[in-house]
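Only one structure is covered here, and it is reproduced in the block below.
Please read all numbers here as calculations on a predicted model, not as lab measurements. Lettering follows sequence order; numbering is per chain, from 1.
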Amino acid sequence: MRFSKAYIPTTKEAPKDAQLPSHIYLSRAGFVTQVAAGLYNFLPMGKRVLRKIENIINEEMAACDAQEVDLSFVTPAELWQESGRIEKFGKELLRFRDRKENLFVLGPTHEEMMVNIVRNRVTSYKQLPINLYQIKTKFRDEARPRFGLMRGREFVMKDGYSFHSSTEDLDREFDAMEAAYKRILERLGLAFRVVEADSGAIGGTGSKELMVLAGSGEDTLAVCDSCEYGANVEAARRAPRSSVPEAPSADFARFKTPAIKSIEDLSNFFHVDPYYTLKAVVQRAVYTESSELVCFFIRGCDELQEVKARNSVGAIDLVDATEAELIEIGLIPGFIGPIDQDKIRIVMDNDTKGATTMICGANEADYHFVGVDLSVMNEAHFADLVSVQEGDGCPHCEGKILHTKGIEVGHIFKLGTVYSAPLKAEFLDENGRAQPFIMGTYGMGVSRLVAAVIEQHHDEKGCIWTHATAPYMVNVMVSNIKEESHLAYAEELYTALQSNGIEAMLDDRKERFGFKMSDAELIGFPYTVIVGKELDNGLVQIMIRKTCEIISVDASDVLNKIKELCQ
RNA sequence: CGGGGCGUAGCUCAGUCUGGUUAGAGUACUUGGUUUGGGACCAAGGGGCCGGAGGUUCGAGUCCUCUCGCCCCGACCA
């Protein structure tokens with residue numbers, strides 16, 4: 001492409017609404033423009049990057065025998081009523097009626113549609129497994145779109161769905177998809193981590209997220225400093241403590257603790273490590289039709305992880321209980337304990353199971369119990385409730401957990417029969433019995449990946465595209481187009497690059513050197529060949545965007561040098 | 001949905017507090033000229049429903065009411 005004919009509207013100043021580097025540089029370099037909150041146009045450069053990523057996904061999917069389809073963006077609301085998700089999705093589903101007053105939604109994801117196209121058509125175990133996917137615009141009317149392409153309302157997602165006759169076969173496909181997703185991210189040149197994720201309300205037997213590591217990521221990850229283990233903090237586990245503080249020695253007793261309410265006060269009052277105290281966190285658990293107060297007990301040194309707590313009681317939401325609510329049901333804030341507790345539903349953290357010499361509230365104002373043996377609670381409801389902290393032990397090795405930030409670019413999920421059962425999508429097994437499909441789902445945020453590449457690869461001058469994502473690999477820049485011999489040389493090189501299969505731009509604009517260099521850096525072509533006054537000495541320069549290093553090369557050898565660099 | 005901020009030229013912004021010539025700057029754009037290895041210079045131009053509606057006033061970009069939009073924090077969501 002000739003720059004003089006290209007539509008690449010670069011600007012010196014960033015739009016005032018842009019905050020993240022990806023948003024700033026993709027806007028300034030003319031890759032995208034904003035239309036409205038969470039809606040973006042892809043201009044020629046942006047579209048090329050998008051297509052690069054799509055092509056890589058298509059290649060890797062083909063290698064796994066996944067087949068591409070293209071389902072209607074507008075989907076009948078009845079399908080969503082059938083699966084029950086029309087209520088669950090709420091306002092995120094953009095609904096509208098056509099001229100005949102039929103209700104439709106813009107597809108935010110396509111489980112229902114995908115199940116719909118195989119049900120009653122795939123009817124035998126002999127036709128399984130099948131893996132179908134599409135790369136398509138999705139629409140979710142997010143409450144708060146933000147960060148440019150990172151969290152748009154309209155976005156491009158690769159969504160894949162697999163159908164199996166057994167959980168073993170689903171496991172195999174799940175692993176194959178994980179491997180394919182890893183290859184895709186490796187090819188894109190991204191540093192990432194595969195982490196265990198919360199399966200949440202959707203259920204299923206497990207899910208993993210693919211996280212591109214970047215400080216601007218919205219998710220916090222717990223990762224091991226020495227092995228591959230990583231998890232979203234919502235789902236992170238930790239090793240049992242290898243050493244615990246010295247246990248206090250105390251017989252069971254009811255102890256007067258006037259106005260001692262917080263864990264810190266309690267710890268100081270008894271000169272005991274918070275590890276041996278029991279923290280009570282009361283929350284109102286909200287369900288579809290009702291709500292109730294629940295008290296979560298964890299060790300005083302731990303923090304409650306809200307998603308884990310929510311999952312432990314199957315709630316849709318947890319909100320902090322007020323003191324008034326506690327008092328109303330007869331609890332005494334600051335002195336709540338699990339012993340002989342019948343006023344509230346309780347959930348105990350796994351780490352408190354069988355704990356001894358504990359201190360906990362006595363359910364009586366100004367009194368705590370000391371020397372408590374929690375094995376009396378062995379019949380209680382136990383669950384993993386705590387937030388994994390930095391420095392905790394890795395559950396898989398001797399390493400330590402660190403926290404880091406990530407951008408979720410992929411999420412793969414073992415769905416089981418969560419959708420196939422309610423939608424009655426069934427096949428006949430070897431015994432002639434009808435079974436619902438066992439399903440997996442595999443998502444990848446394609447437009448989000450465009451932003452993720454820049455979050456990970458930019459500097460103060462602009463974008464730095466990786467080889468696989470660059471809109472063009474090489475930019476041939478003519479320093480002064482009035483020098484006819486220079487322009488002629490550049491034209492020749494430009495043609496030669498293309499005939500060698502290297503995508504190239506020719507900057508033939510009547511602009512000054514500095515202006516064109518700044519554009520080249522802002523747009524972020526991996527390599528810019530500078531054709532200028534050194535050509536009279538038989539030399540041209542190659543600017544390597546990643547390092548901004550400029551190397552001199554014999555003018556007759558540039559093509560080979562570029563080929564070498566592109567390896 | 002709660003809290004905060006902002007809407008003036010294509011873009012970034014001044015002017016609004018304290019109402020009063022023809023609404024400004026930088027940048028971008030057009031034309032001519034000089035330049036040509038780090039976003040050049042000179043000259044001449046074009047470009048505005050001051051987000052929208054209503055009100056106060058002799059007079060509103062500026063004051064009041066309502067409304068729409070965008071951004072940030074949180075809630076929510078993947």
Counting only heavy atoms not in Glu228(A) (residues, nucleotides, ligands), do more than 12 fall under 6.0 Å from its CD?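 Atom CD in Glu228(A) is not crowded, with 12 or fewer foreign heavy atoms closer than 6.0 Å.
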What's the [atom1]-[atom2] distance between [X] and [N], to the nearest Å?
X	N	atom1	atom2	answer
Lys16(A)	C71(B)	NZ	C1'	8 Å
Glu13(A)	U27(B)	CD	P	10 Å
Arg146(A)	C76(B)	CZ	C1'	9 Å
Arg144(A)	G4(B)	CZ	P	15 Å
Glu511(A)	U27(B)	CD	P	15 Å

Does the side chain of Arg512(A) get closer than 4.0 angstrom to OP1 or OP2 of A40(B) through an N or O atom?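 The answer is yes; a side-chain N or O of Arg512(A) sits under 4.0 Å from OP1 or OP2.
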For RNA chain B, find the residues of residues 27-37 of chain A with a heavy-atom distance under 4.0 Å and give them by number; none if there aren't any.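 Under 4.0 Å from RNA chain B: Arg28(A), Gln34(A), Ala36(A), Ala37(A).
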Between Glu234(A) and Gln541(A), which is nearer to the 5' end of RNA chain B once each is assigned its nearest nucleotide?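 Mapping each residue to its closest nucleotide by heavy atoms, the 5'-most match is Gln541(A).
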Sugar-phosphate, base or nothing in reach of Arg140(A), heavy atoms under 4.0 Å: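 Here Arg140(A) touches the backbone only, sparing every base.
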Side-chain donor/acceptor of Lys12(A) to base of U12(B), under 3.5 Å: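 Between U12(B) and Lys12(A), which were checked side chain against base, a qualifying N/O pair under 3.5 Å is absent.
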Could you list the protein-to-nucleotides 43-46 of chain B atom pairs, N/O on both sides, closer than 3.5 Å?
none

